[in-house]
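A quick note: this is a predicted structure, and the numbers were derived from the prediction, not measured.
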Amino acid sequence: MLIETETTPNPATLKFLPGRRVMEMGTRDFADDVEAKASPLASALFDLGDVTGVFFGSDFISVTAAPGVEWQYLKADVLGILLDHFTADMPLFAPGTAAGIVVPAEDDGIVDDPADAEIVEQIKELIETRVRPAVANDGGDIIYRGFDKGKVYLQMQGACSGCPSSSATLKNGIEQLLKHYVPEVTEVRAV
């Protein structure tokens with residue numbers, strides 16, 4: 001089995017492509033070893049001690065190294081764990097855990113106004129068709145969190161979370177795209 005790697009705009013994160021489907025639907029972001037207990041694969045990666053984030057996409061896994069850790073030393077260990085996991089055809093999630101798909105909770109207090117339903121639908125459609133595929137190419141994901149008084153709230157995941165260029169991506173890329181197609185959008189913010 002060959003697992004390809006790709007760099008991401010986030011120098012701390014590498015994208016691993018096992019050449020097969022990872023998640024049948026949705027994505028899953030693990031920010032620490034406690035969350036990773038839901039997945040034997042994510043847990044094994046965190047057990048390396050030098051991993052601070054794991055993200056499962058449709059056909060890739062993004063792994064974020066701890067500050068100061070060189071990928072030249074960590075990469076072989078991560079590849080070994082991924083090879084063992086996929087060649088043994090092990091389950092992605094531990095028995096009894098949820099299917100692994102994370103639907104972000106509405107815990108940030110942003111509730112869409114029903115009067116904005118058409119605008120929200122346009123925003124979600126653009127994110128799904130134009131933004132998410134580009135962000136996935138960089139080893140991450142972006143989740144719509146709300147629209148309030150012209151402001152769109154988005155959550156970055158995977159390689160995009162904590163990436164030095166994520167604020168530029170939000171302002172220069174996503175914000176400009178949404179403003180162009182949805183004039184009611186005045187600003188994009190990360191949550």
Would you call Lys124 and Glu128 a salt bridge, taking side-chain N to carboxylate O under 4.0 Å as the test? no
In Å, rounded to the nearest 0.5 Å, how long is the span from CZ of Arg28 to CZ of Phe55? 11.0 Å
Evaluate the side-chain proximity of Thr27 to Arg132: yes if any heavy-atom separation is below 4.5 Å, no if none is. yes
Can a donor-acceptor pair be found, under 3.5 Å and without considering hydrogens, that links the side chain of Asp138 to the backbone of Gly140? no
Does the pair Leu79 and Thr5 meet the rule for a side-chain contact (heavy atoms from CB on, under 4.5 Å), with working shown? CA-CA 9 Å; Leu79 282 169; Thr5 60; 4.2 Å; yes
Please report the interatomic distance CG(Asp29) to CD(Glu35), rounded to the nearest 0.5 Å. 7.0 Å
State, yes or no, whether a side-chain contact exists between Tyr144 and Asp112 at a heavy-atom distance under 4.5 Å. yes
Val63 side chain near Trp71 side chain, heavy-atom distance below 4.5 Å: yes
If only atom types and distance count, is the side chain of Arg20 paired as donor or acceptor with the main-chain N or O of Phe86 below 3.5 Å? yes
Does a side-chain heavy-atom distance below 4.5 Å link Leu41 with Leu92? yes
Between the side chain of Asp50 and the main-chain N/O of Ala65, is any donor-acceptor distance below 3.5 Å? no
Return yes if some donor-acceptor pair links the side-chain N/O of Thr13 with the main-chain N/O of Thr8 below 3.5 Å, else return no. no
Regarding Asp148 and Arg189, does a basic nitrogen lie under 4.0 Å from an acidic carboxylate oxygen? no
To the nearest 0.5 angstrom, please state how far the CD1 atom of Ile127 sits from the CD1 atom of Ile142. 6.0 Å
Run Phe93 and Met23 through side-chain contact (heavy atoms from CB on, under 4.5 Å) and show every step you take. CA-CA 10 Å; Phe93 296 97; Met23 292 281 292; 3.8 Å; yes
Test your reading of the model: is there a side-chain donor-acceptor pair from Lys15 to the backbone of Ala136, 3.5 Å cut-off? yes
Phe60 vs Glu4 side-chain heavy atoms within contact, under 4.5 Å: no
How long is the span from the CD1 atom in Ile174 to the CZ atom in Arg130, to the nearest 0.5 Å? 13.0 Å
Side-chain donor or acceptor of Asp33 paired with backbone N/O of Ala36 under 3.5 Å: no
Is there a donor-acceptor pair closer than 3.5 Å between any side-chain N or O of Glu175 and the backbone N or O of Val188? yes
With Val152 as partner, the option from Val120, Ile123, Val182 fulfilling side-chain contact (heavy atoms from CB on, under 4.5 Å) is Ile123
What class does the angle between the rings of Phe30 and Phe56 fall in, given that below 30° is parallel, 30 to 60° is tilted and above 60° is perpendicular? perpendicular
Any non-hydrogen side-chain atom of Val78 less than 4.5 Å from a side-chain atom of Lys75? no
Spacing of CG belonging to Leu178 relative to CD belonging to Glu187, to within rounding of 0.5 Å: 12.0 Å
Heavy-atom donor-acceptor pair, Arg21 side chain to Ser58 backbone, under 3.5 Å: yes
How about Pro18 and Ile61: do any of their side-chain heavy atoms sit closer than 4.5 Å? yes
Going from CD on Gln176 to OH on Tyr181, what distance comes out if it is rounded to the nearest 0.5 angstrom? 12.5 Å
Evaluate the side-chain proximity of Thr7 to Leu14: yes if any heavy-atom separation is below 4.5 Å, no if none is. yes
State, to 0.1 Å, how close Ile81 and Ala44 come at their nearest heavy-atom pair, and which atoms those are. CD1-O, 3.5 Å
